[in-house]
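Let me begin by presenting the structure, written as structure tokens, before commenting on it.
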Amino acid sequence: MLSIEDIERIGAAFSATNHPVTLDYLMVVALSWTGAFLAAYLVQKAKNRANSEDFDRLKSELEENTKVVKEIESNFSENFWIRQQVWLKKQESYEVILGLLHDIEKYVYHQVTDFEEWQYINNRHPYFGYYPHEDVGNKKAWERDKQEYEEKKNNPETVAESESLKTRYDRALSEIFDHIDLKAIYLDDRVEAEVENLKQSLSRTNEEEDWEDHFDRISKDTMKTIERVRNISRAELKLDA
């Protein structure tokens, strides 16, 4: 805004040029300059106000975005924790199931091995491949091997081991279904189907198959079941990813 000194200087400048200067004229000049100043001031103030409003708006948006980000982070952390716990439960369940299947496999292997030893002594010993069977050398070899087989079979340690394997086998068949029922929420439905098929195979005796075919079948079915359950567990736990 123009001061009195500014107005006097303007008047003196006009007097120096021999032009008469009236008070009204000076006031017009002063008001013009003042108006220009006020206009510039108002424009700047409007800009400042707009900037302030923009700042407040941006601040509000930033606070809202920060809130959303924090909610996303919280949900992500919670979901990650849940997925982690589910993964651990699955891992524990599949370890238990595969452990029980291993107990079943060991008894099946014991049965198969026992049958093969019996088959060798009673049907496949070299003694039976020579005629006449009365050959002294072959007969003595067979009698010696047969005696060793009988002694091993009736040995208390062998009997105890066989009974222990059978006990663990029976327990495994019972516990594996109890575990699957208890942990069904974490397990693939195919696991129960695979184990049920194995149970049916182990308990089935077909009239049309001889003992050799029977033991060969249950051995293969046991190995296939373990392999399939292992593959299911690897997929469920994403171990191949």
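Since the structure is predicted, the reported quantities are computational estimates derived from the model, not experimental observations. Just so you know, residue 1 is the first one in the sequence shown, and it goes up from there. FYI, side chains are in, hydrogens and waters are out, and symmetry mates aren't considered; it's all heavy atoms of this structure.
The shortest distance between side-chain heavy atoms of Ile218 and Gln111 falls below 4.5 Å. Between Val229 and Leu101 the shortest side-chain heavy-atom distance falls below 4.5 Å. Counting only heavy atoms from C-beta outward, the side chains of Thr222 and Leu202 approach each other to under 4.5 Å. Residues Asp145 and Tyr127 are not in side-chain contact: their nearest non-hydrogen atoms beyond the backbone lie 4.5 Å or more apart. Looking at Asn155 and Glu151, their side chains never come closer than 4.5 Å, going by heavy atoms from C-beta outward.
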Quiz item: Are Arg124 and Glu212 close enough, and set up right, to give a salt bridge (charged side-chain N to carboxylate O under 4.0 Å, His left out), and what steps lead you there?
Solution: CA-CA 13 Å; Arg124 294 183 176 178; Glu212 186 172 357; 2.8 Å; yes
Quiz item: Asp170 and Lys166: salt bridge (charged side-chain N to carboxylate O under 4.0 Å, His left out), yes or no, with the steps?
Solution: CA-CA 6 Å; Asp170 292 336; Lys166 180 63 166 61; 2.8 Å; yes
Exercise. Any chance you could lay out the side-chain contact (heavy atoms from CB on, under 4.5 Å) test for Glu163 and Val159, step after step, and finish with the verdict?
Key: CA-CA 6 Å; Glu163 291 176 350; Val159 174; 3.6 Å; yes
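Residues Leu239 and Trp87 approach most closely at CD2-CZ2, 4.3 Å, considering heavy atoms. Across all their heavy atoms, Val108 and Ser219 have their closest contact at CG1-CA, 4.0 Å. Annotation for Glu209 and Arg204: closest pair OE2-O, 4.4 Å, computed over non-hydrogen atoms. Contact between Glu236 and Lys90 at its shortest, heavy atoms only, is OE1-NZ, 3.1 Å.
Rounding to the nearest 0.5 Å gives a distance of 10.0 Å between CG of Leu198 and CZ of Arg228. Rounding to the nearest 0.5 angstrom, the gap separating the CD atom in Glu161 from the NZ atom in Lys106 is 9.5 Å. For the atom pair CG of Asp103 and CD of Glu175, the computed distance is 8.5 Å after rounding to the nearest 0.5 Å. Note that CD1 of Ile226 is 6.5 Å distant from CZ of Arg230, once rounded to the nearest 0.5 Å. To the nearest 0.5 Å, atoms CD1 (Ile97) and CD1 (Ile176) are separated by 6.0 Å.
Residue-environment remark: NZ (Lys146) stays at or below the threshold of 12 foreign heavy atoms within 6.0 Å.
Judged purely by atom type and a 3.5 angstrom limit, Ser203 uses its side chain to pair as donor or acceptor with the backbone of Gln200. The closest donor-acceptor contact from the side chain of Ser201 to the backbone of Asn197 lies at 3.5 Å or more, if one exists at all. A distance-only check finds no donor-acceptor pair linking the side chain of Ser162 to the backbone of Thr158 [under 3.5 Å]. Remark: side-chain polar atoms of Asn231 are paired, donor with acceptor, to backbone N or O of Glu227 under 3.5 angstrom. Remark: the backbone N or O of Pro126 is not paired with any side-chain donor or acceptor of Trp142 at under 3.5 angstrom. Side-chain N or O atoms of Ser93 include one that pairs as donor or acceptor with a backbone N or O of Lys89 at under 3.5 Å. Side chain of Ser164 to main chain of Ala160: no donor-acceptor pair is present (N/O by atom type, distance under 3.5 Å, no hydrogens or angles).
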Please tabulate, for the side chains in residues 115-122, all donor-acceptor contacts under 3.5 angstrom to protein atoms that are two or more places apart in sequence or on a different chain.
unit_1 : atom_1 : unit_2 : atom_2 : d
Glu117 : OE2    : Lys152 : NZ     : 3.1
Gln119 : OE1    : Asn123 : ND2    : 2.7
Asn122 : ND2    : Trp118 : O      : 2.8

Result block: side-chain N/O donor-acceptor pairs under 3.5 angstrom for residues 182-194, not counting sequence neighbours:
unit_1 : atom_1 : unit_2 : atom_2 : d
Asp188 : OD1    : Arg190 : N      : 2.8
Asp188 : OD1    : Arg190 : NE     : 3.1
Asp188 : OD2    : Arg190 : NE     : 3.4
Asp188 : OD2    : Arg190 : NH2    : 3.0

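No path of Ile, Leu, Val, Met, Phe, Trp and Tyr side chains, each step under 4.5 Å between heavy atoms, connects Trp211 with Tyr109, placing them in separate hydrophobic clusters.
With sequence neighbours left out, Asp216 forms a side chain to side chain donor-acceptor pair (under 3.5 Å) with Lys220.
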